[in-house]
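Here is the naming used below: chain letters follow the sequence lines, and residue numbers restart at 1 for every chain.
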Protein chains: 2
Amino acid sequence: MPNPLTIGRVAKATGCKVQTIRYYEQIGMLPSPDCSAGNQRIYEPAHIDRLIFVRHARELGFPLNAIRDLLSLADELDQSCEAADAIAREQLVEVERRIERLRSLKTELRRMIRQCKGGRIADCYVIEVLNDHTQCVSNHREVGA
Amino acid sequence: MPNPLTIGRVAKATGCKVQTIRYYEQIGMLPSPDCSAGNQRIYEPAHIDRLIFVRHARELGFPLNAIRDLLSLADELDQSCEAADAIAREQLVEVERRIERLRSLKTELRRMIRQCKGGRIADCYVIEVLNDHTQCVSNHREVGA
DNA sequence: TTTAATAGCTATAGTCGCTGTAGGTTCAAG
DNA sequence: CTTGAACCTACAGCGACTATAGCTATTAAA
């Protein structure tokens, strides 16, 4: 074979990093390809399709577990696509939730910054607000996400 | 001492979990308090103030490193607050960046879901888009954040 | 044909910010 | 005096990679 699909070529073709591809194989997101005589991975074009699918779903923020489900659904051509749509709807809800939270953070940060007139730390509005939640307008009482 | 500030009381007072408080101590975000005869942590009110500061900054999405910087700035009452404001502005930019990205994901997800008429996987628009980025309207070509 | 550069390999640790567990000790109430 | 809650340390695990060390294989040029 003159131009075998080595891991480096697959990385270039899909936009994934070499290590990420090996990582996906390790966690079972990507089937192990055959190996060359020297024990190097040689991929099939189908691997590239699958990786593009995974990467694109990751770009859209789907967690790997959801992508795993989407992948197995994608292979069942005759099944109903209701389950796939449900996963996408769930992801949409999650994205909207995150936007909401970030928007309230943005409001609070802007207020902090705008109200700070500069000067000494002792009078710094940024520091003051961080010391005292009651100075906040919105409720952003959770740490995660 | 009749009502010592044990770690559990501090947790309640600040909204941090007990383990989180110990974690913050371990990574140097919170000074080690004195201990009781039986080697249990006994805090001062100042610890609570500091924890409230940290938690509030976390709620606003600041990473711990930035909070570390903010904390050391907060102690320099006579210094200019320009550095603190800069950290807050940086965080605002980061939050805005994330909102932007999430908004484009939201657009794409809604389009995927709306266009999918249900039916078989073979015709599923959700699956189809994931297989092929060129079907996307926006550019969301990065995975992280 | 040899050699040097590039690309590949495995295994492991680190990132961030916690959270959870196991297996023990101390404290406070009854 | 006993029970049960709260505390202790130390370590593993999460998600999704990324980076490093120390090798081996392949390939292109000399």
Nearest-angstrom distance from the residue atom CD1 of Ile21(A) to C1' of dA19(D): 16 Å
Mapping Val54(B) and Ala37(B) onto DNA chain C by nearest heavy atom, which one lands closer to the 5' end? Val54(B)
Starting at the 5' end of DNA chain D, which residue's closest nucleotide do you reach first, Ser36(A) or Tyr23(A)? Tyr23(A)
Please lay out, stage by stage, how Leu64(A) and Tyr24(A) fare under the test side chain to side chain contact (heavy atoms under 4.5 Å, CB included). CA-CA 9 Å; Leu64(A) 287 178; Tyr24(A) 285 165; 3.9 Å; yes
Residues of residues 58-71 of chain A with any non-hydrogen atom less than 4.0 angstrom from an atom of DNA chain D: list those, numerically ordered, please. Arg58(A), Pro63(A), Leu64(A)
Hey, does Arg22(B) have a side-chain heavy atom less than 4.5 Å from the side chain of Ile7(B)? yes
Are Thr20(A) and dT18(D) close enough that a side-chain N or O sits under 4.0 Å from OP1 or OP2? yes
Could you state the atom-to-atom distance from CG of Asp34(A) to C1' of dG8(C) in whole Å? 17 Å
Rounded to whole angstroms, how far apart are CD on Glu94(B) and P on dC16(C)? 14 Å
Would Glu100(A) and Arg97(A) pass as an ion pair if we require N to O under 4.0 Å? no
Quick one: Glu142(A) CD to dC18(C) C1', roughly how many Å, whole number? 15 Å
Under a single-linkage definition using a 4.5 Å side-chain heavy-atom cutoff for Ile, Leu, Val, Met, Phe, Trp and Tyr, are Leu130(A) and Leu77(B) assigned to the same hydrophobic cluster? yes
Can you measure Arg55(B) atom CZ to dG17(C) atom C1' for me and round it to whole angstrom units? 13 Å
Can you measure Gln19(A) atom CD to dA7(C) atom C1' for me and round it to whole angstrom units? 12 Å
Basic-acidic side-chain contact under 4.0 Å: Arg101(A), Glu59(B): no
Quick tally for nucleotides 3-13 of chain D: nucleotides whose base has a protein heavy atom under 4.0 Å get B, sugar-phosphate-only ones S, the rest -, giving ----SSB----
Using a 3.5 Å distance criterion without hydrogens, assess whether the side chain of Arg103(A) forms a donor-acceptor pair with backbone atoms of Thr107(A). no
Cationic N near anionic O, under 4.0 Å, Arg120(B) to Glu76(A): no
Using OP1 and OP2 only, check whether a side-chain N or O of Tyr24(A) sits under 4.0 Å from dA16(D). no
What side-chain donor-acceptor pairs closer than 3.5 Å can you find for residues 27-39 of chain A, not counting sequence neighbours?
{"residue": "Ser32(A)", "atom": "OG", "partner": "Glu25(A)", "partner atom": "OE2", "Å": "3.0"}
{"residue": "Ser36(A)", "atom": "OG", "partner": "Gly38(A)", "partner atom": "N", "Å": "3.2"}
{"residue": "Ser36(A)", "atom": "OG", "partner": "Gln40(A)", "partner atom": "N", "Å": "3.1"}

Can you check whether Ile99(A) reaches Leu102(A) side chain to side chain, under 4.5 Å on heavy atoms? no
